[in-house]
Amino acid sequence: MANQKPDWRVHAWMGSEQRRPTRIAPGPLTRCPQCGAPLPESAGWRDLRVCPSCQRHFRLPAAERIELLVDHGSFRELDRTMRSRDPLHFSDDRPYEDRLAHGREQHGRNDAILTGEAAISGQPCVLAVLDFEFMGGSMGVVVGERIARAADRARKKRLPLIVISASGGARMQEGMFALQQMAKTVTAIKKLRLAGLPYISVLTDPTTGGVFASFASLGDIVIAEPKAQIGFAGPRVAERLLGAPLPPDSHHAENLLAHGHLDAIVPRQRLRTFFGRVLRLYRDSATAPQGRSADTSWRAETVPGRLPDAWREVELARAPDRPTALDYISAIVTDFIELHGDHIAADDPAVVAGLGWIGEHPVAIASFERGHGEMSAARRNGQPMPAGFRKAHRVMTLAARWSLPVVTLVDTPGAYPGVEAEEQGLAAAITQSLSLMSDLPTPIIAAIIGEGGSGGALALALADRVLMQEHAIYSVIAPEGAAAILFRDTERAPELAGRLRITASELHELGFVDEVVREPALSAAASPEEAAALLRAALVSQLQELRGLDPRLLARQRQERYLNVGNQHIRTGLRDRLPSLPSIPFFGKRSAAPEEPAPLAIPATLDGHSDAK
């Protein structure tokens, strides 16, 4: 990196040399063009280019972005001498070669990208940064090839890849050669994902066209800067083609976040810290402690044959003041990084998912969140839409690629039953979740922390270890629903609650729950802090034990357990005609796998919704 910073006011030049910049006027910028507030003359403003009044993020040249992000002196540029040969010999009002020569002279680099190896907060990575100041950050053969080489270098050196995009799309002066770079970069990123390496994509102002529709959208984690203009068709092009104005902020990052296409919006001031947290989590996934834990104080005493008051347990599980998943995440998970959206259509608030640490264990978390008070209605009391299941599915797939255990917190009356959920593919979303979890090559621990209702709950509870809090419930159907079907009288729900065998102690006796987690006297609502401490101890104990197992063996044993469920209750005769299955317990102690498993397959689908094979 050059010792002298380039002039931050230099503009993208794509026409004549006399073309004036549209971003800002020439000369010192003293007031913010968005809010009119005076801009300080401080070093912080010069480095960040963020208005302190309205937080507008001005565009930054690639070299300055890198200086802000990486550890001092750690950046080593790669493929610096690569330049385009003008494959079409293109010319409009002047030859394309002249445009490239002007860009090289003006910016001191051969094209609209910088790539290299660096360290961020002590964590090594491969970094690629597009520069909008060089021909609008457009992607031609050089940009595409350098992205592909950066992904390949990250894969071969087992390093995370970070790409920061600022681009108008494919470079028209290189025609189909530029368009095909979309396919090239996607292929390179998919190979990186198959290898289980993290890829973080950052969308800045602007990110549009073929860049947005290729490598920029493929991140394991996709984030954006505030108010960044993002979209496949830029707003001006879209308005011209549609013949009508677009809604305000239609192409802003905030709109994409609300519709499930981004994991988060991260201000420039916090971007380096965000990278450091994610890279440290990935690094620590290989060094978490293993082995059995001596702490068993969290276990609840269960006595076979002792039947609790089932309806009383239903009331305790549904109590409005009972801790929710977010309450437990706040108390148990350190440095939680919430990830939003299904990256298809929506961000469902009834499902909370993300990354963090439980004790010394980096984990991926997917949970149902029913909310308290007014938030309960906003989260539909924890009843997920299809997008919620797809969000969880995406985070669990990421966990398998990064070798992170999955922890799910289950507290839902069931999936949202509205017609819009059916129209959006509710059954398919539940099925895909079950299918993924059946052979996901990483440990899965599910904890029933309140109400586990029907198939919606099971969609996040197919696991290697199923824990259940002492006063939680787990049922094929709500007692009221069963009473309405069987007796056409919901008043008989308390009567049916006992017959459905839905309490923690009964389900433990039946073999559907591995461990019952003790609650404070009366219930978790009486002392949320103590309840969280007990649940944390239980999760740490299970994580420590499962971390020592080969994920391929673990996935195979998980399949065999669920293949065997209920077989002991099939009458002689019918059972004799069923395929012979290994005789292993449904839950409880592990048994040795009958044969060596197939090689580990890491889910790396482009849409995040196909099954792990």
Side-chain angles (χ1 to χ4, degrees), residues 12 14 61-63 65-66 77-90 96-97 99-101 103-104 107-118 125-157 159-195 197 199-204 206-220 222 230-234 604 606:
M14 297 195 59
R65 281 195 177 276
I66 291 172
E77 186 175 358
L78 303 170
D79 304 311
R80 180 183 181 89
T81 60
M82 193 180 294
R83 62 172 65 185
S84 172
R85 292 182 175 176
D86 185 11
L88 303 184
H89 305 291
F90 186 91
Y96 174 47
E97 276 283 11
R99 296 180 186 272
L100 288 174
R104 289 193 289 266
H107 302 290
R109 70 181 64 92
N110 289 328
D111 217 298
I113 190 169
L114 281 174
T115 58
E117 288 189 40
C125 64
V126 175
L127 188 64
V129 182
L130 273 73
D131 195 337
F132 191 78
E133 305 296 356
F134 193 114
M135 294 194 68
S138 53
M139 177 168 65
V141 292
V142 170
V143 170
E145 177 64 12
R146 290 186 69 169
I147 290 286
R149 290 194 183 195
D152 192 56
R153 190 176 190 90
R155 179 175 59 84
K156 290 178 178 177
K157 299 193 73 171
L159 293 175
L161 173 66
I162 298 172
V163 177
I164 302 176
S165 298
S167 174
R171 186 171 295 174
M172 66 183 78
Q173 291 89 348
E174 296 187 13
M176 284 297 293
F177 288 100
L179 184 68
Q180 294 296 323
Q181 301 309 307
M182 295 173 65
K184 173 190 281 189
T185 55
V186 165
T187 301
I189 295 297
K190 184 172 182 180
K191 291 177 68 176
L192 179 78
R193 287 160 61 93
L194 284 168
L197 279 306
Y199 169 39
I200 305 172
S201 176
V202 184
L203 314 182
T204 72
T207 301
T208 61
V211 167
F212 181 45
S214 58
F215 64 86
S217 292
L218 280 182
D220 293 311
V222 182
I230 304 168
F232 179 60
L606 299 188

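Position 1 is the first residue of the sequence, and the numbers go up from there.
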Taking every non-hydrogen atom, the tightest pair across [X] and [Y]:
X: Ser217; Y: Val222; result: O-CG2, 4.2 Å
X: Ala183; Y: Thr187; result: O-OG1, 2.8 Å
X: Phe134; Y: His107; result: CD1-CD2, 3.7 Å
X: Ala188; Y: Ala148; result: CB-CA, 3.7 Å
X: Ser138; Y: Ala112; result: O-CB, 4.1 Å
X: Arg171; Y: Leu100; result: NH1-CD2, 3.7 Å

### Task
Count the heavy atoms of every other residue, nucleotide or ligand shown that sit under 6.0 Å from CZ of Phe177, and state whether that count exceeds 12.
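12 or below, so no.
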
### Message
If you count heavy atoms of other groups shown closer than 6.0 angstrom to NZ of Lys184, is the number above 12?
### Response
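Counting other residues, nucleotides and ligands, NZ of Lys184 exceeds 12 neighbours.
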
Would you find a donor on one side and an acceptor on the other, under 3.5 Å apart, between the side chain of [X] and the backbone of [Y]?
X: Asp79; Y: Met82; value: no
X: Asp131; Y: Ile113; value: no
X: Arg146; Y: Leu78; value: yes

Donor-acceptor contacts under 3.5 Å from residues 208-216 side chains, at least two apart:
| from | atom 1 | to | atom 2 | distance (Å) |
| --- | --- | --- | --- | --- |
| Thr208 | OG1 | Ser167 | O | 3.2 |
| Thr208 | OG1 | Gly168 | O | 3.2 |
| Ser214 | OG | Gly210 | O | 2.6 |
| Ser214 | OG | Val211 | O | 3.3 |

Any heavy-atom pair between the side chains of [Y] and [X] that's under 4.5 Å?
X: Val186; Y: Leu218; result: yes
X: Pro160; Y: Tyr199; result: no
X: Ser201; Y: Leu203; result: yes
X: Glu117; Y: Lys157; result: yes
X: Leu161; Y: Leu127; result: no
X: Arg104; Y: Arg83; result: yes

Mind checking the [atom1]-[atom2] spacing from [X] to [Y]? Nearest 0.5 Å is all I need.
X: Arg65; Y: Leu114; atom1: CZ; atom2: CG; answer: 12.0 Å
X: Asp220; Y: Ile200; atom1: CG; atom2: CD1; answer: 8.0 Å
X: Met172; Y: Met135; atom1: CE; atom2: CE; answer: 8.0 Å
X: Glu174; Y: Leu179; atom1: CD; atom2: CG; answer: 12.0 Å
X: Ser84; Y: Asp111; atom1: OG; atom2: CG; answer: 7.0 Å
X: Gln180; Y: Met176; atom1: CD; atom2: CE; answer: 4.5 Å

### Task
Show the numbers, then the answer: is there a side chain to side chain contact (heavy atoms under 4.5 Å, CB included) between Ile147 and Leu130?
CA-CA 10 Å; Ile147 290 286; Leu130 273 73; 4.2 Å; yes

#### Entry: Short side-chain donor-acceptor distance under 3.5 Å, Glu77 and Thr115
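No, no side-chain donor-acceptor pair sits under 3.5 Å.
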
### Query
Hey, is Asp152 close enough to Arg155 for a salt bridge, meaning N to O under 4.0 Å?
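A salt bridge links Asp152 with Arg155.
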
### Query
So among Leu197, Val126, Leu192, which one has a side-chain contact (heavy atoms from CB on, under 4.5 Å) with Leu159?
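Looking at Leu197, Val126, Leu192, the match for Leu159 under the side-chain contact (heavy atoms from CB on, under 4.5 Å) is Val126.
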
### Query
When you look at Gln181 and Val141, which way does the side chain to side chain contact (heavy atoms under 4.5 Å, CB included) test go after all the steps?
CA-CA 7 Å; Gln181 301 309 307; Val141 292; 3.7 Å; yes

